[in-house]
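Some notes on the structure that comes next.
Just so we're on the same page: letters track the sequence lines, and every chain starts at 1.
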2 protein chains.
Amino acid sequence: MNFSTRPSLSAPRSHAFCCTAMQCPAFVYSKLMSMHTFVKIFCTRVRHRATWPLCNDRLVRGTRDAMAKKTKTTSNATLPERANRTTIVDVARCAGVHWSTVSRGLNPEKRHLISPEMIERVETCAKQLGYRANAMASALRTQRSRTVGVIVSNLGDPVHPPIVRAIEDRFAEIGYVTIVGNTDNHPGRQAALIERFIQQGVEGLIVATFERNDPGIAVCVEANIPVVAVFRDPESEFVPSVRIDDAKAMELAVHHLAERGHRKIAHIGGPQNVSTGYHRYRGFRRACKALANQGVEPSAVFGEAFTVEEGQFACERLLADHNDITAIVAGNDMLAVGCLRFLRSKGIDCPNAISVVGMNDMLFMEDIAPALTTVRTPTADLGTQASCILVSMIQGLPISNDRILLKPELMVRDSVTSVDAQQSTKRRRPAK
Amino acid sequence: MNFSTRPSLSAPRSHAFCCTAMQCPAFVYSKLMSMHTFVKIFCTRVRHRATWPLCNDRLVRGTRDAMAKKTKTTSNATLPERANRTTIVDVARCAGVHWSTVSRGLNPEKRHLISPEMIERVETCAKQLGYRANAMASALRTQRSRTVGVIVSNLGDPVHPPIVRAIEDRFAEIGYVTIVGNTDNHPGRQAALIERFIQQGVEGLIVATFERNDPGIAVCVEANIPVVAVFRDPESEFVPSVRIDDAKAMELAVHHLAERGHRKIAHIGGPQNVSTGYHRYRGFRRACKALANQGVEPSAVFGEAFTVEEGQFACERLLADHNDITAIVAGNDMLAVGCLRFLRSKGIDCPNAISVVGMNDMLFMEDIAPALTTVRTPTADLGTQASCILVSMIQGLPISNDRILLKPELMVRDSVTSVDAQQSTKRRRPAK
DNA sequence: CTGAAAGCGCTTACAG
DNA sequence: CTGAAAGCGCTTACAG
């Protein structure tokens, strides 16, 4: 079956719709449309255009008011057929009024200009014809697309969906539509996406992929598109940001470990060209330094991305170089899960041989083995707050705080034990 | 700081831009824009409009070719200020040619109509002015929005993001932009979303929330919007669907358990008004019936949604009514995780007291305790295949198979053990 | 090869 | 309270 809904791109469609279903050989003959599709479209059309003369389609369209004065019919034969959507003109014709009246009658803000019975008449016709305003035409005229864009690195990474979800919720409330794109952390893809979204006319952008001093920022500022950075800190005075206090999060993790007697603590960091990786590493180092007098000795190794695989590799390298560590602070939960997988694969017990702390507290981190002690990032809040700022920017309202730093919270679970407990069990890992 | 980029909705903006930064008291005075924003916009503007006379903005805009003949300047004072975006007319003016030539020069498909030096000139100007075609204007004219919509129940549910991700990837390839919406399984929200997306002019829709015989289908068919159902089966001849073979999946699970000696097997099902819940339950029953001669005795209890919480509640009810079961086949991984949480909370060992099988194999299901034996749904494939069908529909190509059923695959892990093993350990759960 | 014009479907200032 | 007209920024058939 052919499900195409644009079957007549090159078919003599204007002719087709002149004839009734009974007398339409040319149409069916063109074979560009299945009988089923034809009947479907035809019926819809007949219902929608009930008040129209069923003559030449082009001519009918042509009877629009402009047509009244111009005698020449422009032929637009190669224009892709509109999905024969009901327009404001159709409604106007049905109601026997001018389209401007229809527009007013259907717009709550202009409705007061119209008599009640007129509103009623217009609404009835609109409902009857199944009229739906063309948002693009409206946007073109009003210069407001009621559209926002969200750019993330990868929706497949479980930190992002809650952010996007929260944003969509907030904007749906005010009738905006949310378009999303994934960059996979490729600057090129990000640039292309920003370009495409601006072309698309987004009224604002929420970006979760800005690197430090990202060139994408200049593009948005120049195009005069409100942007807010979420999750990552673009370190730009031009862009408000909403993020978690990464350094503080690492401090919580390090203190938690130090209180339990850990001294040889390692960090498995993420990429340092993004603020999350960078600030977490710095936070880790600073926290360790502050505890140096207690004998805390930090070490670090880095993944090239915040992924489980990188976590595994990094963990392997870490243990090769620093066999004496008792605890790991991972740059995020993905890396932490990678650690756990590696440790498990080597028969190294967590937390009894090595304790692990993650960050973000993604879904299911309480269900994994061992239940992961991690620092929670309120991802939905991140999205909500970013949305609120963006809404203000779009509406031209001042924003009180353009540098929002959410508080991290330590979730104590089972992947950390005290050094004492480690020593009383088979603390040492199997020799390599 | 005020980050607004539309500060002058009511400010005398056209006047503002007549003056240089030095002599602009009225503008700054209006206090609708911070100095910083003003300077930013002003600089951008000066750079972009370098070739324009810096006189009255409205007048400058008015010098468009239509203006040449009409003496009266229409005032559009209350129109929200365009983000003073460079238009095709600006480029034309810069290049000293007609805009139609610019349009052709910038469109790869029409470029052959234009002389090479003309193309060069146009491209130079476009680049210099930072021209970006207005996708909405283009869409309005061509009747193609290069936009598709994706509707899911909840991006926060980890099954959906990979689907959306795959769809976005496929459509980004052909320059389409993807808009997403969440319904939370509320028919009302779904209807509103479909309505809004159609208004927005989507060329197609991928819907993961169709119930059986969903009324939303008629809306799309009537509006002549290509739709493909993903994940769920709308049971409609009008809509192609791409889904997993739910019944087969349950069969795999039941057989896996039966082979390991389980006879009292329970199903924790999802909502029965959606095909996933419905077909999985039916598949479970059929598989059990086929093994009735081996003594397999099914039982079932249902959650009201595919959530962890519902899994917990359902598991509690199940054990209250059927204390003798040895294994549970959950309707999906969320329900399975709910089971595991409940069992853990009651000190009931999985798999040694009760074995559990999930479905979908979401991220981290191999990491939870115990590693979940589950039936994998290739979610990314679901998205990819749905996208391919939708692309064909949009392009008016015939589609070979409009009822795609992907094969499930059993992932054997640690949440199932044999009844023998169960009996040799502390099989019986603590009495309630 | 390039220009001039029309029109996609709306909204809104201006008349009446 | 309603109508007539203009224009948002494009694309494209038609002339030349």
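Note that CE of B:Met393 and CG of B:Leu205 are 10.0 Å apart. Values are rounded to the nearest 0.5 Å. Here the OG1-OH distance, from A:Thr87 to A:Tyr131, works out to 7.0 Å after rounding to the nearest 0.5 Å.
Backbone-only engagement by A:Ser138 is indicated by non-hydrogen atom pairs under 4.0 Å involving sugar-phosphate atoms exclusively. Residue B:Arg132 is in sugar-phosphate contact alone, with no base atom involved, counting any heavy-atom pair closer than 4.0 Å across all strands shown. Counting non-hydrogen atoms under 4.0 angstrom, A:Met118 reaches the backbone sugars and phosphates but no base. Among the heavy atoms of the strands lying under 4.0 Å from B:Ser100 is at least one base atom, whether or not backbone atoms are also near.
The CD1 atom of B:Ile114 sits 5 Å away from the P atom of C:dT2 (whole-angstrom rounding). Nucleotide D:dG9 holds its C1' atom 14 Å from the CD atom of A:Gln200, rounded to whole Å. Nucleotide D:dC1 holds its C1' atom 11 Å from the NE2 atom of A:His112, rounded to whole Å. Distance B:Lys110 NZ to C:dC1 C1': 14 Å, rounded to the nearest Å. At whole-Å resolution of the value, NE2 in A:His98 and C1' in C:dG16 are 14 Å apart. Here the C1' atom of nucleotide D:dT12 and the CZ atom of B:Arg144 are 16 Å apart, to the nearest Å. Taking atom CG of A:Asp90 as the reference point, atom C1' of C:dG9 lies 10 Å away to the nearest angstrom. For A:Arg93 and D:dT2, the CZ to P distance is 19 Å, given to the nearest whole Å.
For B:Asn107 and A:Pro116, each mapped to the nucleotide of DNA chain D holding its nearest heavy atom, the one lying further toward the 5' end belongs to A:Pro116. Nearer the 5' end of DNA chain C, as judged by each residue's closest nucleotide, is the contact made by B:Val97, out of B:Val97 and B:Ala137.
Closest of all the heavy-atom pairs between B:Val91 and B:Val122 is CG1-O, 4.0 Å.
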Donor-acceptor pairs under 3.5 Å, side chain of residues 108-121 of chain B to any protein atom, not counting sequence neighbours: which ones?
{"residue": "B:Arg111", "atom": "NE", "partner": "B:Gly105", "partner atom": "O", "Å": "2.9"}
{"residue": "B:Arg111", "atom": "NH2", "partner": "B:Gly105", "partner atom": "O", "Å": "3.4"}
{"residue": "B:His112", "atom": "ND1", "partner": "B:Glu109", "partner atom": "O", "Å": "3.2"}
{"residue": "B:Ser115", "atom": "OG", "partner": "B:Met118", "partner atom": "N", "Å": "3.3"}
{"residue": "B:Arg121", "atom": "NH1", "partner": "B:Ala95", "partner atom": "O", "Å": "2.5"}

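A salt bridge does not link B:Glu222 to A:Arg132: none of the charged side-chain nitrogens sits closer than 4.0 Å to a carboxylate oxygen. We find that B:Glu203 and B:Arg146 are not joined by a salt bridge, their nearest charged nitrogen and carboxylate oxygen being 4.0 Å or further apart.
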Could you spell out the base pairing of DNA chain C in dot-bracket, with Watson-Crick or G-U pairs whose two distances are under 3.5 Å, [ ] crossing and | to another strand?
|||.||||||||.|||
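Between C:dG9, D:dG3, D:dT12, one nucleotide has an atom nearer to the side chain of A:Leu140 than all others, and that is C:dG9. You'll find that the side chain of B:Thr87 is closest to D:dG9, out of D:dG9, C:dG3, D:dT2.
B:Gln200 has its side chain out of reach of B:Ser145: every pair of non-hydrogen atoms, C-beta onward, lies at least 4.5 Å apart.
At least one side-chain nitrogen or oxygen of A:Ser115 sits closer than 4.0 Å to the OP1 or OP2 atom of D:dT2.
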